[in-house]
Amino acid sequence: MSDVTSTAVHSPRVVTHCSDINQLVRNAHAAGKTIGLVPTMGALHAGHLSLVQASKRECEITVVSIFLNPTQFSSREDLDQYPRSYSADLELLANHGVDYVFAPEREEMYPAEFSTLVSPPDVAKTLEGRCRPKHFRGVATIVLKLVQVIPANTAYVGQKDYQQTLVIRHMVRDLNVPIRIVTCPTIRDDDGLAVSSRNTHLTAGERQQALALSRSLHMASDLIEQGQRDAAAVIAKMRQVLADAGVSRIDYIALVHPQTLAEIRHVNEPTLAAVAAHIGTTRLIDNELIGR
Ligand code: AMP
């Protein structure tokens with residue numbers, strides 16, 4: 001019997017230099033093809049693959065970047081502990097018909113003489129921005145670099161990192177970057193946990209605790225749908241759900257305006273419920289759009 005796996009999939013072309021991927025993308029444009037970009041930090045999972053599928057549906061060429069971006073991590077330890085699974089990533093991308101993988105070395109994106117950083121837009125100031133200073137500066141910088149190097153028609157990003165999608169949208173608007181940003185829904189495991197590269201760090205017990213994040217968001221959604229308008233009351237109930245599961249290190253529980261991320265006191269319009277908490281040594285975030 002022939003080896004089905006080696007013939008059924010088409011391995012993507014792996015490119016490590018900016019000039020090479022840029023030339024390939026320009027060639028594709030010249031040939032009249034549409035190009036979708038999925039920026040990732042690797043350790044790929046179903047969430048990333050949903051972005052790939054969206055790109056494959058809409059674009060003729062799909063490029064996935066894999067780059068663990070040091071400028072968006074505040075501690076060396078967090079960066080060192082970030083999961084890596086490069087060979088498995090490539091296999092997944094081959095199975096999903098990706099055309100090009102851009103996987104540069106750190107020095108390719110940040111050579112020794114590198115010194116320019118992008119000041120992120122105002123939506124970066126709250127929530128994650130408060131807990132992780134300089135995080136969005138690193139995100140804005142690497143995303144701008146990636147879309148310069150890979151001038152795609154569309155970039156696909158996940159609602160899981162809701163604030164990040166706004167930071168990217170505002171940055172490309174403010175800096176006139178000609179690219180469309182598409183936000184794809186959060187992919188969850190059957191038990192409701194938002195899929196994340198960091199979930200691999202959770203022990204079985206911590207994983208059970210982590211379910212309190214999505215449960216608290218559902219609780220918020222239910223309360224608001226039942227007519228609760230007092231944001232403080234909703235947040236108190238969410239906090240209780242987390243406390244009942246033994247989650248005590250909470251960075252924030254917030255009800256905010258989905259476009260501005262301004263805090264909401266009285267709920268009478270679409271609302272983003274967002275939560276960030278530490279489960280053991282793992283920091284997790286999740287969110288849900290309510291009233292849409
Ligand atoms: P990362 O590799 O964590 O930088 O994520 C790369 C992209 O995948 C970002 O646009 C994320 O928002 C998106 N992503 C991560 N987890 C999920 C998920 N569970 N569902 C949908 N998109 C996701």
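Keep in mind that this is a model prediction, so the values were computed, not measured. Both counts, for ligands and for their atoms, begin at 1 and track the order of listing. Just so you know, these numbers use all the heavy atoms, side chains as well, and skip hydrogens, waters and symmetry mates.
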### Any N or O of L51 closer than 3.5 Å to N or O of ligand 1
no

### Query
Any non-hydrogen atom of Y82 lying under 4.0 Å from ligand 1?
yes

### Query
Is any N or O atom of C184, backbone or side chain, closer than 3.5 Å to an N or O atom of ligand 1?
no

### Task
Classify the contact between T165 and ligand 1 as side chain, backbone, both or neither, using a heavy-atom distance cut-off of under 4.0 Å.
neither

## Note on the structure
Closest non-hydrogen atoms of L217 and M238, given as atom of the first, atom of the second and distance, are CD2-CE, 3.9 Å

### Message
As an exercise, identify every atom of ligand 1 less than 4.0 angstrom from a heavy atom of V157.
### Response
10 (O)

### Message
What verdict does the side chain to side chain donor-acceptor pair (under 3.5 Å) test give for N27 and Q23, after you've listed the backbone C-alpha separation in whole Å, the side-chain angles of each residue and the deciding distance to 0.1 Å?
### Response
CA-CA 6 Å; N27 292 348; Q23 193 58 57; 3.1 Å; yes

### Proximal candidate to atom 14 (N) of ligand 1 [heavy atom criterion; set V195, V52, D161]
D161

### Query
Between V98 and V52, does a side-chain contact (heavy atoms from CB on, under 4.5 Å) hold up when you go through it step by step?
CA-CA 8 Å; V98 165; V52 168; 3.6 Å; yes

### Task
Would you check, one step at a time, whether the test side-chain contact (heavy atoms from CB on, under 4.5 Å) holds for I285 with Y162?
CA-CA 10 Å; I285 58 170; Y162 187 92; over 6 Å; no

### Message
Keeping D286 on the side-chain end and L213 on the backbone end, is there a donor-acceptor pair under 3.5 Å?
### Response
no

### Summary
Candidates A194, A43, G47, A46; heavy atom nearest atom 18 (C) of ligand 1 found on G47

#### Entry: Steps toward side chain to side chain donor-acceptor pair (under 3.5 Å) verdict (D244, Q240)
CA-CA 6 Å; D244 289 348; Q240 191 60 49; 2.9 Å; yes

### Lys/Arg cation over aromatic Y110: K145, 6.0 Å, 45° cone
yes

### Summary
T40 heavy atoms within 4.0 Å reach ligand 1 at atoms 2 (O), 6 (C)

### Message
Distance under 4.0 Å to a non-hydrogen atom of P39: what atoms of ligand 1 satisfy this?
### Response
6 (C), 7 (C)

### Option nearest atom 9 (C) of ligand 1 (shortest heavy-atom distance, choices Q164, K160, R198)
Q164

### Message
Could you go through R169 and T183, starting from their C-alpha distance and side-chain angles, then the distance that decides it, and tell me whether this counts as side chain to side chain donor-acceptor pair (under 3.5 Å)?
### Response
CA-CA 10 Å; R169 282 178 187 280; T183 301; 3.0 Å; yes

### Query
Looking at atom 1 (P) of ligand 1, what's its closest protein heavy atom, distance included?
H48 NE2, 3.6 Å

### Message
Can you name the atoms of ligand 1, numbered from 1 with element, that are less than 4.0 Å from a heavy atom of P185?
### Response
20 (N), 21 (C)

### Query
Is it true that the side chains of H17 and E108 contain a donor and an acceptor less than 3.5 Å apart?
yes

### Task
Just need the protein heavy atom nearest to atom 20 (N) of ligand 1, so name the residue and atom and give the distance.
I187 N, 2.9 Å

### Query
Got the closest protein heavy atom to atom 10 (O) of ligand 1, with its distance?
G158 N, 3.0 Å

#### Entry: Protein heavy atom at shortest distance from atom 4 (O) of ligand 1
M41 CG, 3.6 Å

### Query
For the side chain of Q209 and the backbone of A245, is there at least one donor-acceptor N/O pair under 3.5 Å apart?
yes

### Message
I'd like to know whether ligand 1 has H45 as a neighbour, heavy-atom separation below 4.0 Å.
### Response
yes

